[in-house]
Amino acid sequence: MMDHEKIKQGVRLMLEGIGEDIEREGLLETPDRIARMCEQIYGGLYEDPATHLNKQFQATNNNIVVEKDIIFYSVCEHHLLPFYGKAHVAYIPDGKVAGLSKLARTVEVYARRPQIQENMTAQIADALEKYLNPKGVMVMIEAEHMCMTMRGVQKPGSKTVTTIVRGVFADDYSLQQTFLQMVNR
């Protein structure tokens with residue numbers, strides 16, 4: 001698990017490095033707050049999506065299942081700044097479905113890790129393929145990256161969109177269009 005003491009030491013060093021007085025009242029408890037915060041925002045490092053996706057139900061309807069507008073918050077591994085947005089997840093079951101909350105929980109597992117959006121999109125699709133064995137998967141993520149809005153190019157409001165298609169979605173453009181129409185309703 002996480003080493004709170006190392007995190008606190010690192011925060012103290014960073015604050016000193018930027019020229020702050022780590023003994024001033026407002027910063028005294030900051031290292032401890034950051035260490036506790038890390039448990040929450042990086043907790044996905046210690047979670048297995050199988051915990052959520054192994055809970056399945058028999059289904060006779062094998063049409064497209066879409067869970068859209070799943071709000072998430074993540075952290076860019078390059079700058080350790082947040083990126084946040086919505087994930088849209090679809091799959092075509094092959095006799096079994098996952099509980100709808102399990103799809104959102106799977107997004108959370110991967111969002112709560114330092115990483116890039118492109119990998120997060122693929123990781124979600126990989127998990128759905130591995131644990132649900134569906135006929136096809138499609139994942140789309142729309143996110144605003146603080147590393148682009150508050151630093152660097154400084155373009156607030158710009159969004160990055162990533163998609164991935166697997167199985168029958170990759171082979172059938174009309175299924176992709178159906179997914180996009182459902183997401184944009």
Side-chain angles (χ1 to χ4, degrees), residues 1-20 22 24 26-53 66-91 98 100-131 137-166 183:
M1 287 296 184
M2 292 190 192
D3 187 331
H4 282 249
E5 286 309 311
K6 278 189 179 178
I7 295 168
K8 290 193 281 189
Q9 288 170 9
V11 170
R12 284 187 202 96
L13 285 171
M14 185 189 77
L15 289 170
E16 286 176 343
I18 64 171
E20 268 290 357
I22 64 170
R24 81 174 168 85
L27 294 177
L28 283 175
E29 296 178 28
T30 297
D32 187 57
R33 281 188 202 99
I34 299 294
R36 285 183 281 124
M37 176 191 71
C38 287
E39 289 284 340
Q40 183 177 2
I41 66 173
Y42 301 124
L45 289 166
Y46 307 100
E47 258 188 281
D48 183 352
T51 307
H52 308 295
L53 292 174
V66 176
E67 185 73 19
K68 70 179 197 170
D69 297 334
I70 303 167
I71 303 294
F72 72 89
Y73 300 90
S74 194
V75 176
C76 164
E77 67 185 20
H78 298 147
H79 301 99
L80 295 183
L81 287 172
F83 68 94
Y84 56 92
K86 295 177 182 179
H88 314 289
V89 177
Y91 70 100
L100 296 177
S101 70
K102 307 311 181 194
L103 300 176
R105 291 184 190 280
T106 300
V107 169
E108 279 301 300
V109 166
Y110 293 108
R112 294 175 51 211
R113 299 174 179 193
Q115 65 179 311
I116 60 173
Q117 179 177 332
E118 295 88 342
N119 288 345
M120 181 177 149
T121 307
Q123 290 165 346
I124 294 165
D126 291 345
L128 294 176
E129 273 193 314
K130 180 176 181 179
Y131 298 108
V137 171
M138 187 163 177
V139 177
M140 181 169 85
I141 295 179
E142 307 171 70
E144 185 166 339
H145 292 250
M146 297 304 288
C147 57
M148 277 192 53
T149 62
M150 70 180 285
R151 61 154 303 279
V153 70
Q154 297 181 348
K155 296 296 179 201
S158 64
K159 293 213 165 104
T160 301
V161 179
T162 52
T163 60
I164 195 157
V165 293
R166 304 270 175 79
V183 165

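- With a 6.0 Å radius and a threshold of 12 heavy atoms from other residues, nucleotides or ligands, K86 has its NZ atom at or below the threshold.
- For residues 100-111, no residue pair satisfies the side-chain hydrogen bond (donor to acceptor under 3.5 Å, both in side chains) rule, not counting sequence neighbours.
- Taking the side chain to side chain donor-acceptor pair (under 3.5 Å) definition, one finds that E142 meets it with H88, sequence neighbours left out.
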May I have the list of side-chain donor-acceptor pairs in residues 70-85 shorter than 3.5 Å, sequence neighbours left out?
unit_1: S74; atom_1: OG; unit_2: A111; atom_2: O; d: 2.6
unit_1: S74; atom_1: OG; unit_2: R113; atom_2: O; d: 3.3
unit_1: H79; atom_1: NE2; unit_2: R151; atom_2: NH1; d: 3.4

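- Residues satisfying the salt bridge (charged side-chain N to carboxylate O under 4.0 Å, His left out) criterion with K130, sequence neighbours excluded, are absent altogether.
- The structure places CD1 of I7 at 6.0 Å from CE of M2, a figure rounded to the nearest 0.5 Å.
- In this structure, CE in M120 is found 12.5 Å from CD1 in I164, a value given to the nearest 0.5 Å.
- Within the structure, salt bridge (Lys or Arg N to Asp or Glu O under 4.0 Å) pairs that include any residue of residues 3-12 comprise E5-K8, K8-D32 (at least two apart or interchain).
- Under the rule for a side chain to side chain donor-acceptor pair (under 3.5 Å), the partners of T162 that lie at least two apart in sequence or sit in another chain are Q117, T121.
- Rounding to the nearest 0.5 Å gives a distance of 10.5 Å between CD1 of I22 and OG1 of T30.
- Judged as a side chain to side chain contact (heavy atoms under 4.5 Å, CB included), and not counting sequence neighbours, the contacts of E29 are R33.
- Identified under the salt bridge (Lys or Arg N to Asp or Glu O under 4.0 Å) test for residues 156-166, with sequence neighbours left out: D126-R166, E129-R166.
- Across every non-hydrogen atom of A87 and I141, the tightest pair is CB-CG1, 4.1 Å.
- Pairing each heavy atom of H145 with each of A143, the nearest pair is CD2-O, 3.7 Å.
- Looking at residues two or more places apart in sequence or on another chain, you find a salt bridge (charged side-chain N to carboxylate O under 4.0 Å, His left out) between E20 and R24.
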Anything under 3.5 Å between a donor and an acceptor, one on a side chain of residues 40-49, the other on a protein residue two or more places apart or in another chain? List them.
unit_1: E47; atom_1: OE1; unit_2: R112; atom_2: NH1; d: 3.2
unit_1: E47; atom_1: OE2; unit_2: H52; atom_2: NE2; d: 3.0
unit_1: D48; atom_1: OD1; unit_2: A50; atom_2: N; d: 3.0

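- Listed by chain and number, the residues in a side chain to side chain donor-acceptor pair (under 3.5 Å) with E67 amount to none (sequence neighbours excluded).
- Tested against H4 for a side chain to side chain donor-acceptor pair (under 3.5 Å), the candidates Q9, R36, E39 yield a single pass: E39.
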